[in-house]
J.: 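Handing you this structure, nothing more for now.
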Amino acid sequence: MTQALIVIDVQNDFCLGGALAVPGGDEIVERINTMLSEFPVRVFTQDWHPADHSSFASQHDDKSPFELTEMSYGPQVLWPDHCVQGSEGAAFHPGLLTDPADLIIRKGFRREIDSYSAFFENDRRTPTGLEGYLRSRGVDRLVLVGLATDFCVSYSALDAARLGFRVGVDLDACRAIDLDGSLAAALEGMVEAGIDLTGD
Ligand code: VGL
Ligand code: ZN
């Protein structure tokens, strides 16, 4: 069995003082740093949006952050502007050890479509290429950590399970946005999909 650690979106905008700060986001950095040496394959993701990304409330008339809208691929939460390509907010948290990353994968760079999952964009069909990378490296089990539990972490975990990987999520190394019960729904969905939830 070859295991990969997938570190999801531990970026300044999701941490204290960031544009879309996840409560307690900073607290997971030390634990992730410690975990890195335990995995032979290590992948980091970055949310990486153009400044006019369609998931930003600022791009829609009469919409506020955290409201829902309808996109061609289904309902989409509108967010404050965050993780704009090349900005300080899109950079990794300064305390995160990034040198051990084998691969850094960026997502959400197409204006018209959001991408929570590290595997597919929000249409659930357009691939990021991560599946092929992991398979070529002989990986069969993934442990996911990072931000946010109820969006990018759970979407990635569910896609990974659907693709046939064995999947675990270490909740001690994740934090949630928790919008209208989204955390409880995400946890339930992950349990139903056979994902191993540890910690918390
Ligand atoms: C995320 C909302 C918008 C995440 C990314 O990383 O969970 N959430 N973009
Ligand atoms: Zn985003």
Side-chain angles (χ1 to χ4, degrees), residues 5-29 32 43-60 63-69 71 73-93 96 98 101 104-124 126 128 130 142 144-160 167 169-171 173-187 189-190 195:
L5 183 66
I6 315 289
V7 180
I8 305 283
D9 298 0
V10 182
Q11 294 166 265
N12 288 324
D13 270 342
F14 297 122
C15 293
L16 192 67
L20 180 40
V22 179
D26 304 67
E27 295 166 10
I28 65 175
V29 170
I32 295 172
V43 175
F44 290 44
T45 69
Q46 267 179 313
D47 210 33
W48 198 252
H49 299 309
D52 60 352
H53 194 252
S54 58
S55 78
F56 296 169
S58 62
Q59 300 301 305
H60 301 259
K63 290 284 188 190
S64 309
F66 309 108
E67 273 182 55
L68 270 178
T69 192
M71 301 285 208
Y73 50 84
Q76 165 75 48
V77 180
L78 293 173
W79 303 106
D81 292 14
H82 65 279
C83 296
V84 172
Q85 296 170 1
S87 69
E88 198 46 39
F92 289 113
H93 184 287
L96 184 70
T98 55
I104 295 173
I105 192 146
R106 290 171 168 168
K107 60 189 179 60
F109 49 74
R110 291 185 179 86
R111 194 183 76 84
E112 299 301 336
I113 184 165
D114 206 0
S115 185
Y116 293 148
S117 165
F119 292 93
F120 296 99
E121 309 215 345
N122 282 6
D123 62 2
R124 311 308 291 261
T126 307
T128 62
L130 179 58
L142 313 180
L144 283 87
V145 296
L147 305 170
T149 320
D150 42 348
F151 288 91
C152 292
V153 174
S154 68
Y155 273 65
S156 301
L158 291 169
D159 280 344
V167 187
V169 173
D170 181 341
L171 294 171
C174 297
R175 291 292 184 274
I177 296 175
D178 203 9
L179 205 60
D180 297 328
S182 57
L183 176 58
L187 294 174
M190 289 193 283
I195 293 163

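Indexing begins at 1, ligand by ligand and atom by atom, following the structure's order.
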J.: Tell me which protein heavy atom sits closest to atom 6 (O) of ligand 1, plus the residue, atom name and distance to 0.1 Å.
T.: D9 OD2, 2.7 Å
J.: Distance-only, no hydrogens or angles: does the D13 side chain make a donor-acceptor pair with backbone N or O of A19 under 3.5 Å?
T.: yes
J.: Which of the atoms of ligand 1 are close to F14, meaning less than 4.0 Å from one of its heavy atoms?
T.: 1 (C), 4 (C), 5 (C), 6 (O), 9 (N)
J.: Does ligand 1 have a heavy atom under 4.0 Å from the side chain of I8, from its backbone, from both, or from neither?
T.: neither
J.: Give a yes or no on whether the backbone of E88 and the side-chain of N12 come within a donor-acceptor separation of less than 3.5 Å.
T.: yes
J.: What I'd like to find out is whether the side chain of M190 reaches to under 4.5 Å of the side chain of V167, using heavy atoms alone.
T.: no
J.: Starting from atom 4 (C) of ligand 1, locate the nearest protein heavy atom and write down its residue, its atom name and how far away it is, to 0.1 Å.
T.: C152 SG, 2.8 Å
J.: Any N or O of D114 that comes nearer than 3.5 Å to an N or O of ligand 1?
T.: no
J.: Heavy-atom count check: over 12 atoms from other residues, nucleotides or ligands less than 6.0 Å from L16 CG?
T.: no
J.: Is Q11 close enough to touch ligand 1? Criterion: a residue heavy atom under 4.0 Å from a ligand atom.
T.: no
J.: Could you check whether any side-chain N or O of Y155 sits under 3.5 Å from a backbone N or O of N122, counting only pairs where one atom can act as donor and the other as acceptor?
T.: no
J.: Is R124 salt-bridged to D159, cutoff N-O under 4.0 Å?
T.: yes
J.: Can you tell me the protein heavy atom closest to atom 5 (C) of ligand 1 and the distance?
T.: D47 OD2, 3.1 Å
J.: Please say whether more than 12 non-hydrogen atoms of neighbouring residues, nucleotides or ligands are located less than 6.0 Å from CD in E27.
T.: yes
J.: Atoms of ligand 1 less than 4.0 Å from A148 heavy atoms?
T.: 4 (C), 6 (O), 7 (O)
J.: Sort out for me which residue in F56, W79, Y116 forms a ring pair (Phe, Tyr, Trp, His ring centres under 6.0 Å) with H49.
T.: F56
J.: Taking distance alone, with N or O pairs closer than 3.5 Å, would you say F151 contacts ligand 1?
T.: no
J.: Just by modelled atom types, is the D47 backbone N or O under 3.5 Å from a matching donor or acceptor in the Q11 side chain?
T.: yes
J.: Check each atom of ligand 1 against the heavy atoms of L147 and keep those under 4.0 Å away; list them by number with element.
T.: 4 (C), 6 (O), 7 (O)
J.: Strictly under 2.8 Å, how many protein N, O or S atoms lie near the Zn ion (ligand 2)? Waters don't count.
T.: 3
J.: Using a strict cut-off of 4.0 Å, indicate which atoms of ligand 1 neighbour a heavy atom of H82.
T.: 3 (C), 9 (N)
J.: Taking side-chain contact (heavy atoms from CB on, under 4.5 Å) as the criterion, tell me which of V145, I28, V153 meets it with D170.
T.: V145
J.: Let me know which of I177, D178, D9, D150 forms a side-chain contact (heavy atoms from CB on, under 4.5 Å) with V22.
T.: I177
